[in-house]
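Just so we're on the same page: letters track the sequence lines, and every chain starts at 1.
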Protein chains: 2
Amino acid sequence: MKLDTTDIRILNLLQENSRITTKEMAKKLSLTTTPVFERVKKLEREGIIEKYVAIINQKKMGIILSAFLFISLKEHTRRHIDKFQKDVDSFDEVTESFHITGENDFLLKVEVKDMEAYQKFVFTKLSVLTQLGSVKTQFILAQTKQSFPNIEL
Amino acid sequence: MKLDTTDIRILNLLQENSRITTKEMAKKLSLTTTPVFERVKKLEREGIIEKYVAIINQKKMGIILSAFLFISLKEHTRRHIDKFQKDVDSFDEVTESFHITGENDFLLKVEVKDMEAYQKFVFTKLSVLTQLGSVKTQFILAQTKQSFPNIEL
DNA sequence: ATAAAAAAAGAATTTTATTCTATATATTTT
DNA sequence: AAAATATATAGAATAAAATTCTTTTTTTAT
């Protein structure tokens, strides 16, 4: 599908605030609600807009410990890799999971309530996986930026 | 503020789909719209809900190259650290920025259109910063999980 | 230049958000 | 435990927005 400037502007607006009304968007774009409404539906249908989510302040919710875990596997056959990925992705503590280039195989973002929960996760879940080779953890002291790639034509 | 089970369920619903209507939530929670509406407003006021965003399919938008950059600084005085952070966070290509424990100082997530854009970013923006010590890049081959920490009481 | 297709406008309708008042539930105080 | 107070919910009314439909305008292709 071909997107034009209006579509891009709509995406940027929704990326900023997904609860913006069609009316507000229409005003900003100097259009009526109809075309804006139809374009949004189209972008949803095409899967360009994947979903709408609320960002929760995790500190206020008592989730204070976040870490990146760099993981290497013992073996690198497709079977082992797939199995390991499926397993780690099933853990609630793992909020993001990447397959990366370089000296490690996986990068996991783990978010838990406290150090005790972290230790419990490592001992009872992660270290149980037989494919696991090495794990190197770097804790997040602070996140200073959280944004989305600028969408351009 | 003290949150009860209803608040948590509302947060989880909004985290799943921020465009869900109060009516739908009310139905799922066996409540009327009034308490749901008021609770959402309260959660927004308190900053527990930080914002609502649309998740855009970046592959479809032509953003195909993502990488993690591990950065160490030459000097570690507060002044240098703060300055560096402010500078990198101002770059559009840097979508996430972390201060981390361990052998490196910063972890940046960089998202760009292609390798050319990546190289341009490194040459014209990152490497220009005088505080920069070392940079180690790991490219993201695939992201297999993207979720949010389970909110519990 | 004309015909066909796509996009937008405008109006009408349905649905939802929001406010207000009344009722019920829970909490605190005595 | 009962009364008083505060908190939460229900229900109804209103305002605003979403959604649909028809007409007009703009764009595109011939």
Side-chain angles (χ1 to χ4, degrees), chain A residues 1-63 113 148-153, chain B residues 1-63 113 148-153:
Chain A
M1 191 189 46
K2 63 229 159 299
L3 303 183
D4 65 10
T5 314
T6 304
D7 292 316
I8 302 297
R9 292 186 68 191
I10 288 173
L11 289 175
N12 278 317
L13 286 171
L14 286 170
Q15 200 167 242
E16 257 311 301
N17 170 21
S18 64
R19 290 204 121 188
I20 189 174
T21 62
T22 335
K23 204 184 172 187
E24 274 184 90
M25 284 195 274
K27 201 169 83 184
K28 283 178 197 283
L29 300 169
S30 306
L31 285 172
T32 56
T33 62
T34 308
V36 174
F37 176 80
E38 285 173 351
R39 279 164 182 270
V40 170
K41 288 300 163 204
K42 184 189 65 185
L43 292 165
E44 291 173 354
R45 269 200 313 276
E46 304 274 347
I48 304 219
I49 297 172
E50 285 188 346
K51 62 187 305 197
Y52 301 100
V53 307
I55 304 293
I56 310 300
N57 185 318
Q58 295 170 9
K59 208 169 270 175
K60 292 195 178 168
M61 294 306 299
I63 298 199
K113 201 181 293 293
F148 296 97
N150 255 20
I151 300 174
E152 294 164 45
L153 268 185
Chain B
M1 190 188 48
K2 63 229 160 298
L3 302 184
D4 64 10
T5 315
T6 305
D7 292 316
I8 302 298
R9 292 186 67 193
I10 288 174
L11 289 176
N12 278 317
L13 286 171
L14 286 171
Q15 200 167 242
E16 256 312 301
N17 171 20
S18 64
R19 291 204 121 188
I20 189 173
T21 62
T22 11
K23 202 185 174 187
E24 274 183 88
M25 283 196 274
K27 202 169 82 184
K28 284 178 197 284
L29 300 169
S30 306
L31 285 172
T32 56
T33 63
T34 308
V36 175
F37 176 79
E38 284 174 352
R39 280 165 182 268
V40 170
K41 289 300 164 204
K42 186 190 64 186
L43 292 165
E44 290 172 353
R45 268 199 314 276
E46 304 273 347
I48 304 219
I49 297 172
E50 286 188 345
K51 62 187 306 196
Y52 301 101
V53 307
I55 305 292
I56 309 300
N57 185 316
Q58 294 172 10
K59 207 169 271 175
K60 292 193 178 169
M61 294 306 299
I63 297 200
K113 200 181 295 288
F148 296 97
N150 255 21
I151 300 174
E152 294 164 44
L153 269 184

Listed pairs, N/O of protein and of nucleotides 26-30 of chain D, under 3.5 Å:
none

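- A 4.5 Å side-chain heavy-atom check between A:K51 and B:N17 finds every atom pair outside the cut-off.
- The distance from atom CZ of B:R9 to atom P of D:dA8 is 18 Å, rounded to the nearest whole Å.
- B:L3 places its CG atom 12 Å from the P atom of D:dA8, with the value rounded to the nearest Å.
- Note: B:L14 CG to B:R9 CZ = 13.0 Å, rounded to the nearest 0.5 Å.
- Taking a cutoff of 4.0 Å between a charged side-chain nitrogen and a carboxylate oxygen, A:D7 and A:K2 do not qualify as a salt bridge.
- Applying a 4.0 Å cut-off to non-hydrogen atoms, the residues of residues 33-48 of chain B that approach DNA chain C are B:T33, B:T34, B:F37, B:K41, listed by residue number.
- Residues B:I48 and B:L3 form a side-chain contact, since some pair of their non-hydrogen atoms from C-beta on lies under 4.5 Å apart.
- Remark: the backbone N or O of B:L13 is not paired with any side-chain donor or acceptor of B:K28 at under 3.5 angstrom.
- Comment: A:K41 engages A:E44 in a salt bridge, judged by a side-chain N to carboxylate O separation of less than 4.0 angstrom.
- B:S18 and A:S18 are linked by a side-chain donor-acceptor pair at a separation below 3.5 angstrom, with hydrogens and angles left out of the test.
- Atom pair A:L31:CG and D:dT25:P shows a separation of 16 Å (rounding to whole Å applied).
- Listed pair B:T22 / C:dT16 fails the phosphate criterion, with no side-chain N or O lying under 4.0 Å from OP1 or OP2.
- In this structure, B:R19 and A:I20 approach most closely via the heavy-atom pair NH2-O, 3.1 Å.
- Out of C:dA17, D:dA10, D:dA17, the shortest distance to the side chain of B:K23 is found at C:dA17.
- Here the C1' atom of nucleotide D:dT7 and the CG atom of B:D4 are 11 Å apart, to the nearest Å.
- Interatomic distance, OG1 of A:T22 versus CG of A:L31, reported as 12.0 Å (0.5 Å rounding).
- Within 4.0 Å (heavy atoms only), B:T32 reaches at least one base atom of the nucleic acid.
- Rounded to an integer number of Å, the gap from B:E24 CD to D:dA18 P is 15 Å.
- We find that CD1 of B:I10 is positioned 12 Å from P of D:dA8, with the value rounded to whole Å.
- We find that CZ of B:R19 is positioned 18 Å from P of C:dT15, with the value rounded to whole Å.
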